[in-house]
Amino acid sequence: MLNFAVGPVPSNDQVRAIGSQDIPYFRTKEFSEIMLQNERMLCGLAHAPKDSRVCFISGSGTAGMEAAVMGTLDRQDRALVVDGGSFGHRFVEMLSRHHIPHDVIKLVYGTALCEGDLLPYEDKGYTAFLINLGETSQGILYDAELIGSFCARNGLFLIADTISSFLADPFDMEAIGADVMITGSQKALACPPGVAPIILSPVAMERINRIEQPCMYLDLRLALENGKRGQTPFTPAVGTLLQIYARLQVIEDSGGAAAEVSRVARIAQNFRDLIVDLPLDQRLTSPSNAVTYLSTRDCSARKIFEVLKDEYEIWVCPNGGASAEKSFRVGHIGEHDFADNALLVAALRDVCRRGLMG
């Protein structure tokens with residue numbers, strides 16, 4: 001099966017080999033050293049501010065999002081959140097659930113955040129800004145520099161969900177002034193699901209120490225305390241953390257974040273170039289390297305997904321809700337190459353030849 005989903009994604013041979021081994025005991029100095037190296041490498045790849053730390057949450061990216069929301073914000077805050085797709089809306093739901101005062105910048109889905117969207121919120125007394133830099137559900141990458149400048153002018157605490165965009169698109173945590181960066185093991189890190197690393201600036205850690213942590217399992221204060229010795233407060237996803245260690249070493253040895261972003265960008269552009277003559281409309285408004293959003297014309301996108309899966313053994317990424325019949329997505333993160341693109345495009349051409357694309 002050839003997997004073009006946006007997570008989980010294909011892993012390299014080394015990561016898969018680790019997954020075939022028994023899980024070792026983890027309360028050891030050897031595992032602690034691996035965790036401390038994971039923290040060092042992630043901070044370096046994200047260009048985190050000096051003295052930043054990493055919490056390794058055992059859970060999906062959503063667990064990381066919620067830990068960040070309830071661990072660094074409280075009812076004294078007034079947050080501003082961008083809702084430009086299903087993942088931006090998830091932040092909105094979390095703020096509501098945890099009773100954190102907030103206002104929503106509601107975008108037309110499929111459009112990028114622009115300066116005009118932010119102007120009404122200048123100098124309005126907000127304290128925090130939440131953004132999914134890569135709104136994966138729409139294939140959109142927001143302008144990090146625009147967001148960073150707005151937050152700097154308004155003195156806002158910036159929480160950045162980079163779950164799908166980290167290592168697929170350029171990101172410099174310190175340059176844009178992000179205080180919290182969230183990612184996920186099953187995205188461009190190309191490991192199995194189960195770990196959501198959260199990078200925290202010194203400012204974020206001050207908030208964590210001040211705010212009463214409302215949840216024991218996702219208590220970032222506990223995670224930071226245990227992380228000093230390279231451990232977690234509870235049993236982590238040990239195998240996935242070992243795989244992350246191997247993957248981060250490969251990225252470091254291969255030229256770092258910039259080289260990995262460049263690799264993913266080439267894979268994405270190659271795919272987009274190959275399908276220009278197919279009856280599919282690409283959304284190329286501020287696209288993320290991680291994923292290409294495709295709209296169908298006179299056929300069912302869900303049918304294309306099912307035919308590719310069942311008859312060609314290729315997974316693409318279906319959309320939900322009102323977009324389910326008219327669009328799907330193709331991911332470019334993970335262990336993909338041009339040959340994989342060629343196989344997918346050949347299958348799409350065959351589907352088109354068979355009259356299944358209208």
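For this chain, numbers begin at 1 and follow the sequence in order.
Listed for the Asp117 side chain is a donor-acceptor partner under 3.5 Å among the backbone atoms of Cys114. Thr111 places a side-chain N or O within donor-acceptor distance of the main-chain N or O of Val108, the cut-off being under 3.5 Å. Side chain of His336 to main chain of Val9: no donor-acceptor pair is present (N/O by atom type, distance under 3.5 Å, no hydrogens or angles). Checking side-chain atoms of Asp77 against main-chain N and O of Leu73 turns up no donor-acceptor pair under 3.5 Å. In this structure a side-chain-to-backbone donor-acceptor pair under 3.5 Å is present from Arg16 to Ser11. Side chain of Gln213 to backbone of Thr72: no donor-acceptor contact under 3.5 angstrom is found. Formation of a donor-acceptor pair under 3.5 Å by the Asn289 side chain with backbone atoms of Val264 is not found in this model. The main-chain N or O of Pro49 is found under 3.5 Å from a side-chain atom of Ser52 such that the two form a donor-acceptor pair. Panel note: side chain Asp350, backbone Ala346; no donor-acceptor pair is recorded below 3.5 Å.
Looking at Ile275 and Leu294, their side chains come closer than 4.5 Å, going by heavy atoms from C-beta outward. By the 4.5 Å heavy-atom criterion applied to side chains, Val351 and Leu308 are counted as neighbours. Counting only heavy atoms from C-beta outward, the side chains of Met35 and Phe31 approach each other to under 4.5 Å. Side-chain contact check for Ile208 versus Leu200: some heavy-atom pair is nearer than 4.5 Å. Side-chain contact between Ser254 and Glu260 is absent, with no heavy atoms from C-beta onward closer than 4.5 Å. Side chains of Val180 and Ile198 form a contact here, defined as non-hydrogen atoms less than 4.5 Å apart. The shortest side-chain heavy-atom distance between Gln76 and Arg210 does not fall under the 4.5 Å cut-off. At a threshold of 4.5 Å between non-hydrogen side-chain atoms, the residues Phe4 and Asn341 count as touching.
A distance of 14.0 Å separates CE of Met181 from CD of Glu174, quoted to the nearest 0.5 Å. Taken to the nearest 0.5 Å, the CG atom of Leu133 stands 5.5 Å off from the OG atom of Ser165. If you take OG1 on Thr296 and CD on Glu325, they are separated by 8.0 Å, rounding to the nearest 0.5 Å. Taking CG from Asn132 and CD1 from Ile182, the interatomic distance works out to 8.5 Å, rounded to the nearest 0.5 Å. Within the model, atoms OH of Tyr312 and CG of Leu343 stand 12.5 Å from one another, a figure rounded to the nearest 0.5 Å. Taken to the nearest 0.5 Å, the CZ atom of Arg247 stands 6.0 Å off from the CG atom of Asn12.
Of all heavy-atom pairs spanning Met1 and Lys309, the tightest one is CE-O, 4.0 Å. Taking every heavy atom of both residues into account, Val54 and Glu39 meet most closely at N-OE2, 2.8 Å. Closest non-hydrogen pair, Asn319 versus Ser137, comes out as OD1-O, 4.2 Å. Nearest approach of Asp83 to His89, heavy atoms of both residues: OD2-ND1, 2.9 Å. When all heavy atoms of Ser60 and Ala196 are compared, the closest pair comes out as O-CB, 3.4 Å. Val6 and Thr136 make their closest contact through CG1-CG2, 3.5 Å (heavy atoms, listed as atom of the first residue, atom of the second, distance).
If you chain together hydrophobic residues whose side chains sit under 4.5 Å apart, Phe91 and Leu218 fall into the same group. Follow the hydrophobic side-chain contacts under 4.5 Å out from Val291 and you never reach Val316; the two are in separate clusters. Using a 4.5 Å cut-off between side-chain heavy atoms of Ile, Leu, Val, Met, Phe, Trp and Tyr, with links allowed through other members, Ile57 and Val69 fall into the same hydrophobic cluster.
For the pair Arg207 and Phe157, the cation sits on the ring face: its NZ or CZ lies under 6.0 Å from the ring centre, inside 45° of the axis. In this structure, Arg78 forms a cation-pi arrangement with Tyr126, its terminal cationic atom sitting closer than 6.0 Å to the ring centre and no more than 45° off the ring axis.
Aromatic ring pairs are classed by plane angle as parallel below 30°, tilted from 30° to 60° and perpendicular above 60°; the pair Tyr217 and Phe234 is parallel.
Between Phe150 and the options Phe129, Tyr142, Tyr121, a ring-ring contact (aromatic ring centres under 6.0 Å, His included) holds for only Phe129.
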**Request:** Please assess Arg283 against Ser295 for the test side-chain hydrogen bond (donor to acceptor under 3.5 Å, both in side chains), listing each intermediate value before the final yes or no.
**Result:** CA-CA 8 Å; Arg283 177 176 288 167; Ser295 298; 5.2 Å; no

**Asked** Would Arg266 and Gln269 satisfy side-chain hydrogen bond (donor to acceptor under 3.5 Å, both in side chains), going step by step from the backbone distance to the final call?
**Response** CA-CA 5 Å; Arg266 291 194 300 273; Gln269 191 58 54; over 6 Å; no

**Request:** Report the C-alpha distance between Ser32 and Gln231 in whole Å, list the side-chain angles of each, state the deciding distance to 0.1 Å, and finish with yes or no for side-chain hydrogen bond (donor to acceptor under 3.5 Å, both in side chains).
**Result:** CA-CA 6 Å; Ser32 291; Gln231 288 289 332; 2.9 Å; yes

**Request:** For the pair Asp337 and Arg263, evaluate salt bridge (charged side-chain N to carboxylate O under 4.0 Å, His left out) and give the outcome as yes or no after the intermediate values.
**Result:** CA-CA 9 Å; Asp337 56 23; Arg263 186 191 70 80; over 6 Å; no

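Under the 4.0 Å criterion applied to side-chain N and carboxylate O atoms, Arg354 and Glu311 are assigned as salt-bridge partners.
Ring-centre distance between Phe171 and His47: not below the 6.0 Å cut-off.
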